[in-house]
There are 2 protein chains.
Amino acid sequence: MVTMEDVARLAGVSKMTVSNVVNNRDGVSDPVRERVLEAIHRSGYRVNVSARTLRSGRTGVIGLAVPEIGLPYFGHLAAHVIGAARRRGFHVSIEQTGAAAAGEADAIAHSRTLHFDGLILSAVALGRVDRQLADAGYPLVMLGEQDFGGRFDHVAMPNEEGTKAATAHLADQGCRRIALVTGSVLDDVNDLNGRNDLDAVDAVDEVNGQNGQNDLNAVNTGNAGHGGNAVNMATRRYRGYRAALAERGLDVHPPLVFPLEDASMEAGRDAAHRLAGSGRAIDGVVAVTDTVALGVLRGLADRGLRVPGDVRLIGFDDIPESRFAVPSLSTVAPDHRWMAERAVELLAQRIRSPLRPTGQYVAPFELVIRESTR
Amino acid sequence: MVTMEDVARLAGVSKMTVSNVVNNRDGVSDPVRERVLEAIHRSGYRVNVSARTLRSGRTGVIGLAVPEIGLPYFGHLAAHVIGAARRRGFHVSIEQTGAAAAGEADAIAHSRTLHFDGLILSAVALGRVDRQLADAGYPLVMLGEQDFGGRFDHVAMPNEEGTKAATAHLADQGCRRIALVTGSVLDDVNDLNGRNDLDAVDAVDEVNGQNGQNDLNAVNTGNAGHGGNAVNMATRRYRGYRAALAERGLDVHPPLVFPLEDASMEAGRDAAHRLAGSGRAIDGVVAVTDTVALGVLRGLADRGLRVPGDVRLIGFDDIPESRFAVPSLSTVAPDHRWMAERAVELLAQRIRSPLRPTGQYVAPFELVIRESTR
DNA sequence: TTGTAGGCGTTATCAG
DNA sequence: CTGATAACGCCTACAA
């Protein structure tokens with residue numbers, strides 16, 4: 001292995017000068033820099049990242065923890081994050097958490113052990129992050145679902161607004177009995193089908209209005225300053241759904257909510273089977289994610305229901321697969337690129353200045369109308 | 001940061017004893033080990049991976065280079081590789097190569113720079129690996145498509161056999177004019193639609209019969225000893241297609257081959273449009289991958305062609321999405337779990353013994369018949 | 001069974 | 001502008 005020592009000898013300078021050249025520091029004269037670069041090239045020298053890390057405490061690697069990289073949404077998200085990180089000189093290492101709180105806590109611990117410079121956590125299950133973690137001052141950005149009342153940097157999906165828009169769209173298309181297919185993990189909401197159960201949730205919803213200072217220069221700024229106590233994705237989407245129904249006077253008791261085991265296609269298909277067999281004359285379905293919606297599409301086909309003829313269907317995420325489904329899937333399309341950029345930028349900032357106030361952001365979105373709701 | 005020194009002080013022993021405990025080495029008495037573990041727990045000590053790496057030369061991290069983690073196939077593959085690696089105590093870092101030879105060479109260089117212990121390369125474009133790389137002795141396992149004449153450990157897809165089986169299946173279902181939708185990068189084969197163009201390829205096909213020593217204990221052994229000169233995936237799949245047609249007497253001139261820009265759904269849809277407009281009365285389509293097949297499915301729908309009524313369609317890979325398509329997609333299903341396990345195992349072996357002979361394996365597969373070919 | 005000395009390749013500090 | 005020196009935290013080798 002060729003070291004800085006070797007390069008230094010070859011160029012007739014000291015180790016330190018080589019280091020300065022490698023790291024683009026100034027204080028090196030042009031002719032010397034030239035000589036050093038030449039020597040580096042000739043010797044095939046490569047910096048030893050471990051040694052650098054040992055000395056500097058920085059690895060140049062950030063972690064990205066997702067429930068399951070094989071799910072389309074997370075695969076695409078990862079691709080964006082990797083791109084955004086590369087543009088800022090970071091490398092990305094992917095962790096799978098298995099959509100379990102234990103996995104997510106593990107990912108954080110593992111991330112610190114491996115001395116990633118920071119971690120982007122696409123948290124689904126982590127109900128309440130350990131006080132340890134919050135206090136650790138480890139650079140951590142939450143991406144997507146969960147919300148921790150401003151204790152972390154957070155780039156959120158437009159859960160409530162998006163679902164409301166999707167539901168309203170179905171109503172506008174003439175749907176009168178609109179179902180929601182969603183995760184079953186509504187905070188503080190049990191017995192979902194039994195009663196008007198949102199009161200408990202609403203009581204928790206004290207927006208704390210904490211603002212992150214916005215020194216990002218993204219063209220598309222989204223909505224900064226979104227905050228609130230820990231309320232999960234399913235709850236937020238449920239709220240959006242109920243809000244739209246209420247506006248349109250389409251509320252129904254018991255609510256037409258079909259819970260899922262997880263956010264898989266398989267679960268979506270199951271839900272569609274239950275839905276078709278419920279005898280409740282459903283003519284519109286809002287699915288909590290596109291992946292679930294694709295499963296619902298399949299499940300409806302199993303039961304001989306036509307989309308959009310018998311039932312209209314809309315998803316959430318706009319994964320590429322949705323465009324190619326038959327029928328193509330209408331969906332809420334958050335700006336994933338924007339989310340990835342913002343998350344990486346927030347993390348980079350936190351790595352630079354650990355004590356800056358946290359920032360909360362909600363991604364901009366648009367409604368994409370395709371065949372499934374025409 | 002808490003170091004071994006701190007733990008040693010806390011436990012009243014030397015640094016070295018702590019190291020021995022941490023690494024599960026023997027030569028430490030039970031009471032002392034107990035004390036040390038206690039001290040580790042109390043202090044929240046974590047080994048510093050950089051320091052360990054600097055000293056030992058091993059990082060415990062392997063790289064996985066794929067064209068694009070957002071494509072369903074690679075996402076699922078990655079999930080399997082991550083699992084297999086974890087079982088062997090390795091961590092996985094994912095690189096995106098962008099399906100370009102430059103990207104793949106970069107990934108290798110980058111991988112070495114980062115001091116991964118080795119790299120699993122899902123190579124698509126890398127026509128000829130640099131002699132440098134081959135000679136470098138850097139632990140490298142090729143996964144999937146490319147084939148390098150035995151110079152690397154290689155876990156291949158059953159390209160030729162699988163495609164042959166798929167094509168034969170369509171013939172058995174009564175298809176008479178079967179098209180192939182595939183990548184356009186057939187080695188040494190230009191002007192694909194002009195003439196009987198396989199001769200050039202066949203001339204290259206000298207199987208060299210190199211065998212990897214099989215000390216793996218997988219239940220499902222697949223076919224070891226597959227070798228050959230560098231012939232890419234598209235060519236192998238084309239061969240399987242032609243072989244099946246020849247057997248059934250269904251060969252047609254010019255061949256019903258529709259080339260793709262890349263292996264995306266978009267490209268598949270385009271191909272379907274061309275195919276539908278070709279006026280060649282096609283009644284069966286073999287798509288080079290499931291992702292492409294899903295695009296074809298969509299493209300056929302655009303043109304009002306029914307699957308399987310007007311055209312039967314079969315893919316390759318068995319990604320989960322295929323099961324949920326409408327109609328569900330018949331496909332060639334290689335054992336992905338087996339492939340991931342074998343690739344990681346080969347890499348682990350090569351890391352242990354760099355000079356062992358290379359092993360070539362072809363994954364077992366089965367034909368999965370679903371609605372699209374009934 | 002436990003402890004001590006030294007060095008892995010890099011960078012921060014400070015002197016020239 | 002350049003160079004000498006001392007860490008960074010751990011592990012190999014050898015001594016006690």
Side-chain angles (χ1 to χ4, degrees), chain A residues 1-40 43-61 89 91 110 112-117 351-352, chain B residues 1-40 43-61 89 91 110 112-117 351-352:
Chain A
M1 157 160 286
V2 34
T3 75
M4 272 194 178
E5 192 82 53
D6 303 325
V7 176
R9 226 185 346 262
L10 205 60
V13 298
S14 81
K15 272 201 308 190
M16 207 46 231
T17 301
V18 177
S19 175
N20 287 331
V21 170
V22 166
N23 293 284
N24 268 318
R25 281 187 282 253
D26 41 38
V28 183
S29 66
D30 279 356
V32 170
R33 178 182 303 273
E34 200 67 20
R35 267 210 332 271
V36 170
L37 287 173
E38 167 68 17
I40 286 175
S43 61
Y45 166 78
R46 311 236 144 224
V47 292
N48 181 322
V49 177
S50 306
R52 167 182 286 174
T53 298
L54 178 58
R55 185 57 225 197
S56 70
R58 294 270 165 91
T59 61
V61 177
H91 200 79
H110 197 186
R112 302 182 62 193
T113 305
L114 286 173
H115 292 254
F116 295 158
D117 291 343
I351 289 167
R352 280 199 300 275
Chain B
M1 158 159 287
V2 35
T3 77
M4 272 192 179
E5 193 82 54
D6 303 325
V7 176
R9 226 186 344 264
L10 205 61
V13 298
S14 82
K15 264 198 318 188
M16 207 44 234
T17 300
V18 177
S19 174
N20 287 331
V21 171
V22 167
N23 294 285
N24 268 318
R25 282 185 282 253
D26 40 37
V28 183
S29 64
D30 278 357
V32 171
R33 177 181 303 274
E34 200 68 20
R35 267 213 327 275
V36 170
L37 287 174
E38 167 67 17
I40 286 175
S43 61
Y45 167 78
R46 310 239 145 219
V47 291
N48 181 322
V49 177
S50 307
R52 168 183 285 173
T53 297
L54 180 58
R55 190 71 185 115
S56 70
R58 293 270 164 91
T59 62
V61 177
H91 199 81
H110 196 186
R112 301 183 64 195
T113 306
L114 285 172
H115 292 253
F116 295 159
D117 291 343
I351 290 167
R352 280 199 301 273

pair A:Thr17-A:Arg35: side-chain heavy atoms closer than 4.5 Å: no
Nucleotide C:dT10, atom C1' - distance to CG of A:Asn24 in whole Å: 17 Å
Pairwise side-chain contact, B:Val2 with B:Val7, heavy-atom cut-off 4.5 Å (strictly under): yes
A:Ser14 side-chain N/O to D:dG3 phosphate OP1/OP2 under 4.0 Å: yes
B:Leu54 CG to D:dC11 C1', straight-line distance once rounded to whole Å: 10 Å
Gap between atoms CZ and P, on A:Arg52 and D:dG9 respectively (whole Å): 18 Å
C:dT10 base / A:Lys15 side chain donor-acceptor hit below 3.5 Å: yes
Touch class at under 4.0 angstrom, heavy-atom based, for A:Val22 against every strand present: nothing
OP1 or OP2 of D:dG3 under 4.0 Å from side-chain N/O of A:Thr17: yes
Phosphate-side-chain proximity, B:Ser29 and C:dT2, N/O vs OP1/OP2 below 4.0 Å: yes
Beyond-backbone contact of B:Leu10 with B:Tyr45, side-chain heavy atoms, under 4.5 angstrom: no
Protein-nucleotide distance (A:Arg58, atom CZ; D:dC8, atom P), rounded to Å: 18 Å
Nearest heavy-atom neighbours spanning A:Val32 and A:Val28: CG1-CG1, 3.9 Å
Atom-pair distance (CZ on A:Arg46; C1' on C:dT10), nearest Å: 17 Å
Show each protein N/O and nucleotides 12-16 of chain C N/O combination with a separation under 3.5 Å, one pair to a line.
from   : atom 1 : to      : atom 2 : distance (Å)
C:dA12 : O4'    : A:Arg55 : NH2    : 3.2

Side-chain N,O (B:Asn48) to OP1/OP2 (D:dC8) below 4.0 Å: no
Whole angstrom value for the distance that separates C1' of C:dG7 from CE of A:Met4: 17 Å
Sugar-phosphate, base or nothing in reach of A:Asn20, heavy atoms under 4.0 Å: nothing
Residues A:Ser50 and B:Arg55: side-chain donor-acceptor under 3.5 angstrom: no
Student check: side-chain heavy atoms of B:Asn48 and A:Leu54 closer than 4.5 Å: yes
B:Ser19 side-chain N/O to D:dC11 phosphate OP1/OP2 under 4.0 Å: yes
Residue pair A:Ile351 / A:Arg58, side-chain heavy-atom distance below 4.5 Å: yes
Sugar-phosphate, base or nothing in reach of A:Asp26, heavy atoms under 4.0 Å: nothing
Side chain of A:Val47 (C-beta onward), nearest among C:dT10, D:dG3, C:dT2: C:dT10
